[in-house]
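Step one of this worksheet: look at the structure below.
Every chain is numbered from 1 and lettered A, B, ... according to where its sequence line falls, protein lines coming before strand lines.
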Amino acid sequence: MHDHIETSETEEMTARVRALETILVEKCLVDPASLDAIIETYSEHVGPQNGAAVVARAWSDPAFADWLARDATAAIHSLGFTGRQGEHMQALFNTPDSHNLVVCTLCSCYPWATLGLPPVWYKSPPYRARAVRDPRGVLAEFGVDLPAETRIHVWDSTAELRYLVIPMRPAGTEGWSEGKLATCVSRNAMIGTGLAARP
Amino acid sequence: MHDHIETSETEEMTARVRALETILVEKCLVDPASLDAIIETYSEHVGPQNGAAVVARAWSDPAFADWLARDATAAIHSLGFTGRQGEHMQALFNTPDSHNLVVCTLCSCYPWATLGLPPVWYKSPPYRARAVRDPRGVLAEFGVDLPAETRIHVWDSTAELRYLVIPMRPAGTEGWSEGKLATCVSRNAMIGTGLAARP
Amino acid sequence: MNGPQDLGGQMGFGPVAPEVDEPLFHADWERRVLAITLACAALGHWTIDESRHARESLPPADYLYFSYYRIWFEALTHLLARHGEVSTQELASGHALAPPVRAQRCLSAAEVPGVLSRGGPSARDPLGPALFARGQRVRARNLHAEGHTRLPRYARGRIGHIEAVHGAHVFPDANAHGGGEAPQWLYTVIFDGQALWGPDTDPTLSVRIDAWESYLEPA
Amino acid sequence: MNGPQDLGGQMGFGPVAPEVDEPLFHADWERRVLAITLACAALGHWTIDESRHARESLPPADYLYFSYYRIWFEALTHLLARHGEVSTQELASGHALAPPVRAQRCLSAAEVPGVLSRGGPSARDPLGPALFARGQRVRARNLHAEGHTRLPRYARGRIGHIEAVHGAHVFPDANAHGGGEAPQWLYTVIFDGQALWGPDTDPTLSVRIDAWESYLEPA
């Protein structure tokens with residue numbers, strides 16, 4: 001039954017969104033070229049590769065890591081990752097005995113400037129409901145199984161601060177370039193629902 | 001859009017319920033004659049007229065009112081109003097300075113033996129959500145406007161106790177028979193979303 | 001469970017909108033669902049607590065969107081499947097494909113008046129003395145059971161007073177999950193409206209809940 | 001508001017079910033909704049707080065059932081109607097029937113990179129000294145605002161500690177409703193998991209929220 005509704009929802013939404021866009025363009029309230037530019041920005045330029053570059057730099061450069069810990073906004077902006085949903089940043093460093101997990105229980109707050117647009121699960125009720133109460137159960141669904149004594153720090157993004165998890169650097173990456181290190185850093189590792197990939 | 005869904009819901013539910021009934025009858029798990037008997041019971045015999053008779057008796061007979069206050073279950077059962085969702089009763093007497101209102105925030109608990117089946121609004125989210133927090137706002141929607149100093153007692157039916165509100169007897173009904181008094185007592189007056197009607 | 005059923009204090013549902021001269025049923029299928037649900041309950045597979053839990057366990061968006069008899073119907077199909085009486089395949093085919101489990105418990109028309117007028121009292125003999133007395137200050141515990149519970153979220157952690165001691169009653173949190181009746185003392189607890197909803201609340205408001213002993217602690 | 005958006009600790013939604021190799025958009029209309037929403041925000045009719053409130057004010061069953069871009073779309077149509085830019089009649093006809101209000105604010109393609117890379121910081125100069133200090137024990141107030149608020153229900157009445165003091169930020173409860181920015185000190189408050197969810201909670205869990213000063217009281 002839901003499948004049936006979804007098919008007709010796609011048709012209905014396509015028509016309704018097209019109607020709204022038409023009206024807005026007719027009224028000169030939006031410029032179609034601007035819409036394309038916005039879509040291009042988040043499809044091609046702003047995405048988790050930005051956050052991965054921040055993490056790789058922090059792994060490679062202790063002074064940068066220190067700056068990131070003290071003033072994440074300035075450190076991240078220094079790499080050019082500024083803007084919407086990245087105005088006020090805080091970096092959360094995982095350690096051998098503590099793990100950080102980010103959620104927005106009240107809507108879908110997410111560090112766009114470093115991670116791009118959030119995935120559907122991040123914005124959906126199951127994750128938002130459970131992350132603050134049963135984070136280990138949630139992590140298990142992502143295939144992450146932490147030692148029972150690891151402290152779990154959940155950050156509920158209730159204001160305009162945006163959180164970037166800095167996962168632990170995997171063993172066996174000594175001497176890697178920042179570019180190569182960044183390939184170990186998935187979006188989920190920077191939300192806290194994943195770990196950095198081992199080589 | 002909801003209208004469209006509702007129309008198809010009626011067709012769909014009619015078919016699904018018929019299918020379930022067919023299967024249950026084929027398996028001899030339910031007897032169609034029993035289903036008819038259950039429907040007849042709640043359509044014709046068990047309804048708010050039962051509660052109205054309790055209220056009219058309480059208004060007419062101080063000894064009965066006293067019994068109702070001390071042991072509503074025994075007093076109500078003595079009038080023959082026993083059974084499902086009326087096993088453990090409590091009577092709530094409105095007074096000039098206090099008003100009682102009954103709700104079940106967690107499902108649809110309701111005193112069937114005295115009031116019959118609950119109305120849709122009683123079982124629906126708007127009433128269940130607001131009755132415990134904003135009872136005066138709810139009462140206003142029912143056209144009930146109480147003095148600002150009247151104490152409002154809300155009873156959330158979270159266990160198997162069932163509550164019957166005994167509204168205040170209206171002025172101008174002196175000497176009336178119980179049968180005539182009962183006509184002043186609406187279902188809503190016995191939930192607390194109404195008052196007894198004035199003659 | 002902190003499910004969609006726990007509606008006390010939630011916002012955004014709009015007006016109550018009582019229907020003038022509301023009929024007892026809005027469609028014939030509603031009438032049948034009422035009767036089938038009561039008849040199937042007589043089979044004795046599940047308790048009233050298990051059936052309430054089946055309803056509140058529907059997907060939350062469905063629970064909020066469906067009419068109440070539809071909630072009953074969906075939950076009934078889950079209960080019948082869980083207890084081996086009616087399978088999904090049978091529902092899809094519209095006919096019985098396997099023998100019943102408890103046909104010998106089928107409610108006859110002659111039994112209907114007796115069953116409905118007897119009901120199912122939940123009072124039981126207490127297993128020990130009551131922990132709390134009338135007038136005592138208590139706090140509703142801050143519990144977040146994954147299973148069925150009857151302690152509404154709005155009361156948790158809030159302080160009230162014992163207004164009445166009702167003897168022992170079947171404990172739904174156990175009885176909904178095959179844990180037996182496990183009776184506990186039941187109390188009416190009265191809360192000041194401001195204790196529940198904050199200092200801006202109408203000072204004339206008080207709210208009572210019926211709470212089992214393990215929901216409460218001295219305060 | 002105690003609306004459908006306040007999901008922390010709710011149950012019954014099933015598994016998280018992350019999608020493998022999830023695309024950025026699941027249909028072309030989602031892409032357009034993202035872009036139209038950001039472009040319309042640039043008209044300056046509403047604040048981010050008002051737009052969040054428009055989303056959480058959808059009928060709760062819809063909020064829980066709709067995909068997130070559909071939530072954005074439905075809320076956007078409400079915002080555009082409220083501020084006089086697009087009427088229901090226009091949406092039904094699919095064409096403009098009345099002149100626009102703020103066409104002079106239309107975002108040009110040339111302005112897009114600047115607008116997106118500037119963003120909209122919420123930090124403001126504090127109006128006075130901070131009431132709380134790092135390490136201080138605080139209780140989140142038991143508030144039940146009818147309007148927009150960012151204090152989740154699970155934290156209300158619970159005790160935690162100030163972990164960080166962030167300066168003053170725009171206060172959403174006022175800013176969502178035309179009450180101006182009314183900046184307040186903002187704090188990160190850390191709660192023990194057991195303080196939020198009861199004694200059976202995993203003892204390794206702690207949860208932080210960012211809370212404006214008026215959400216808190218000394219404890």
Q | Identified side-chain hydrogen bond (donor to acceptor under 3.5 Å, both in side chains) partner of D/Thr204 from the options A/Arg151, A/His153, A/Arg136 | A | A/Arg136
Q) Can you check whether D/Val33's main-chain N or O pairs, donor with acceptor, with D/Thr37's side chain at less than 3.5 Å? A) yes
Q: Could you look at A/Gln85 and say if it's the side chain, the backbone, both or neither that has a heavy atom under 4.5 Å from chain D?
A: side chain
Q. Can you tell which of A/Asp31, A/Ile23, A/Thr105, A/Asp156 has the highest number of heavy-atom pairs within less than 4.5 Å of chain D?
A. A/Ile23
Q.
Using the rule given for ring pair (Phe, Tyr, Trp, His ring centres under 6.0 Å), can you reason through A/Tyr42 versus A/Trp112, listing the C-alpha separation, both sets of side-chain angles and the distance that settles it, and then say yes or no?
A. CA-CA 9 Å; A/Tyr42 292 105; A/Trp112 286 23; 5.2 Å; yes
Q: Please determine, by modelled atom types, if D/Asp173 and D/Tyr215 share a side-chain donor-acceptor pair under 3.5 angstrom.
A: yes
Q) Using a cut-off of under 4.5 Å for heavy-atom pairs, which of D/Ala211, D/Ser206, D/Ala109, D/Gly8 has the most such pairs with chain A? A) D/Ser206
Q.
Tell me which of these, D/Ala155, D/Gly119, D/Ala42, D/Pro23, has more heavy-atom pairs under 4.5 Å with chain A than the rest.
A. D/Gly119
Q: Could you please state which residues from residues 50-65 of chain A sit under 4.5 angstrom from chain D, measuring non-hydrogen atom to non-hydrogen atom, sorted by number, or 'none'?
A: none
Q.
Would you compute the distance between atom CG of A/Leu146 and atom CG of A/Leu195 and round it to the nearest 0.5 angstrom?
A. 6.5 Å
Q. At their closest point, which heavy atom of A/Ala72 faces which heavy atom of A/Gln90, and how far apart are they?
A. CB-CA, 3.7 Å
Q: For chain D, find which of A/Pro32, A/Ser108, A/Ala33 contributes the most heavy-atom pairs closer than 4.5 angstrom.
A: A/Ser108
Q: Please check if the side chain of A/Thr150 supplies one atom and the backbone of A/Pro147 the other of a donor-acceptor pair under 3.5 Å.
A: yes
Q.
If we count only N and O atoms by modelled type, under 3.5 Å, do the side chains of D/His169 and A/Glu160 hold a donor and an acceptor together?
A. no
Q: Scan side-chain atoms only and decide if D/Asp210 and A/Thr158 contain a donor-acceptor pair under the 3.5 Å cut-off.
A: no
Q.
Using a 4.5 Å heavy-atom cutoff, which residues in residues 82-91 of chain D come close to chain A?
A. D/Glu85, D/Val86, D/Glu90, D/Leu91
Q.
Let's test your reading of the structure: which of D/Tyr154, D/Phe73, D/Phe25 forms the most heavy-atom pairs below 4.5 Å with chain A?
A. D/Phe73
Q) Using non-hydrogen atoms only, which part of D/Ile48 is less than 4.5 Å away from chain A: side chain, backbone, both, or neither? A) side chain
Q. Parallel, tilted or perpendicular: which fits the ring planes of D/Tyr63 and D/Tyr68, with parallel below 30° and perpendicular above 60°?
A. perpendicular
Q.
With a 4.5 angstrom heavy-atom cut-off, is it the side chain or the backbone of A/Leu29 that approaches chain D, or both, or neither?
A. both
**Q.** Part of D/Ala39 lying under 4.5 Å from any heavy atom of chain A
**A.** both
Q | Nearest-0.5 Å distance, CD1 of residue A/Ile166 to CG of residue A/Asn100 | A | 9.5 Å
Q. For chain D, which of A/Thr14, A/Thr82, A/Leu106 has the most heavy-atom pairs under 4.5 Å?
A. A/Leu106
**Q.** Heavy-atom contact with chain A under 4.5 Å, split by part of D/Pro99
**A.** backbone
Q.
Atom CZ of residue position A/Arg198 - does it have more than 12 heavy atoms of other residues, nucleotides or ligands inside 6.0 Å?
A. no
(Q) With chain D as the partner, which of A/Leu20, A/Thr22, A/Val30, A/Val103 has the greatest number of non-hydrogen pairs under 4.5 Å? (A) A/Leu20
Q.
Using a 6.0 Å distance limit plus a 45 degree cone around the ring axis, check whether D/Arg70 lies over the aromatic ring of D/Phe66.
A. yes
Q: Identify the heavy atoms of A/Thr173 and A/Pro199 that sit nearest to each other, and give their distance.
A: CG2-CG, 3.8 Å
(Q) For D/Trp72, does the six-membered ring have the charged nitrogen or CZ of D/Arg55 within the cation-pi criterion, i.e. under 6.0 angstrom from the centroid and within 45° of the normal? (A) yes
(Q) Less than 3.5 Å apart, any donor N or O on the side chain of D/Arg156 or D/Asn2 sitting next to an acceptor on the other? (A) yes
Q: Identify which part of D/Val207 has an atom lying under 4.5 Å from any heavy atom of chain A, answering side chain, backbone, both or neither.
A: both
Q) Of the backbone (N, CA, C, O) and the side chain (C-beta and beyond), which part of A/Ser98 lies under 4.5 Å from a heavy atom of chain D, both, or neither? A) neither
(Q) With a 4.5 angstrom heavy-atom cut-off, is it the side chain or the backbone of A/Ala113 that approaches chain D, or both, or neither? (A) neither
Q.
Given 3.5 Å as the limit, does a donor-acceptor pair link the side chain of A/Arg128 with the main chain of A/Cys107, or not?
A. yes
Q: Give, as side chain, backbone, both or neither, the part of D/Arg118 having an atom under 4.5 angstrom from any heavy atom of chain A.
A: backbone
Could you list the donor-acceptor pairs under 3.5 angstrom formed between side-chain atoms of residues 181-194 of chain A and any protein atom two or more places apart in sequence or on another chain?
from     : atom 1 : to       : atom 2 : distance (Å)
A/Thr183 : OG1    : A/Lys180 : O      : 2.5
A/Ser186 : OG     : A/Ala189 : N      : 3.0

Q) Do D/His53 and D/Glu50 have side-chain atoms, one donor and one acceptor, less than 3.5 Å apart? A) no
Q: Considering only heavy atoms and a distance below 4.5 Å, find which of D/Gly94, D/Ser117, D/Ala123, D/Gly14 pairs most often with chain A.
A: D/Ser117
**Q.** Polar contact flag, side-chain donor to acceptor under 3.5 angstrom, A/His45-A/Glu40
**A.** yes
Q: Measure distances from A/Ser43 to the heavy atoms of chain D and classify the residue's part below 4.5 Å as side chain, backbone, both or neither.
A: both
Q.
Using a 4.5 Å heavy-atom cutoff, which residues in residues 186-196 of chain D come close to chain A?
A. D/Leu186, D/Thr188
Q. Where the side chain of D/Arg208 meets the backbone of A/Trp155, is there a donor-acceptor pair that is under 3.5 Å apart?
A. no
Q.
For D/His95, which atoms come within 4.5 Å of any heavy atom of chain A: side chain, backbone, both, or neither?
A. both
Q | Expected output: side-chain D/Gln184 to main-chain D/Ser214 donor-acceptor under 3.5 Å | A | yes
Q. Of the non-hydrogen atoms in A/Ser34 and D/Ser108, which two are nearest, and what is the gap between them?
A. OG-C, 3.0 Å
Q: Can you tell which part of A/Thr41 gets under 4.5 Å to a heavy atom of chain D, answering side chain, backbone, both or neither?
A: side chain
Q. Relative to chain A, which of D/Arg32, D/Glu30, D/Glu19, D/His26 shows the most heavy atom pairs under 4.5 Å?
A. D/Arg32
(Q) Given heavy-atom pairs under 4.5 angstrom as the criterion, report whether the side chain, backbone, both or neither of D/Asp6 touches chain A. (A) both
Q | chain D contact via A/Val46 - side chain, backbone, both or neither, heavy atoms under 4.5 Å | A | neither
Q | Contacting moiety of A/Pro119, where chain D heavy atoms sit under 4.5 Å | A | both
(Q) Run D/His166 and A/His88 through ring pair (Phe, Tyr, Trp, His ring centres under 6.0 Å) and show every step you take. (A) CA-CA 10 Å; D/His166 292 294; A/His88 306 287; 9.3 Å; no
Q | Region of D/Pro203 that comes under 4.5 Å of a non-hydrogen atom in chain A | A | backbone
Q) In terms of heavy-atom pairs under 4.5 Å with chain A, which of D/Ala98, D/Ala17, D/Ala164, D/Pro4 leads? A) D/Ala98
Q) Picking from A/Pro125, A/Ala148, A/Ala37, which has the most non-hydrogen pairs under 4.5 angstrom with chain D? A) A/Pro125
Q) Do D/Glu22 side-chain atoms and A/Val120 backbone N/O form a donor-acceptor pair below 3.5 Å? A) yes
Q: Determine, for D/Tyr69 and A/Lys123, whether the Lys NZ or Arg CZ falls below 6.0 Å from the six-membered ring centre while staying within 45 degrees of the axis.
A: yes
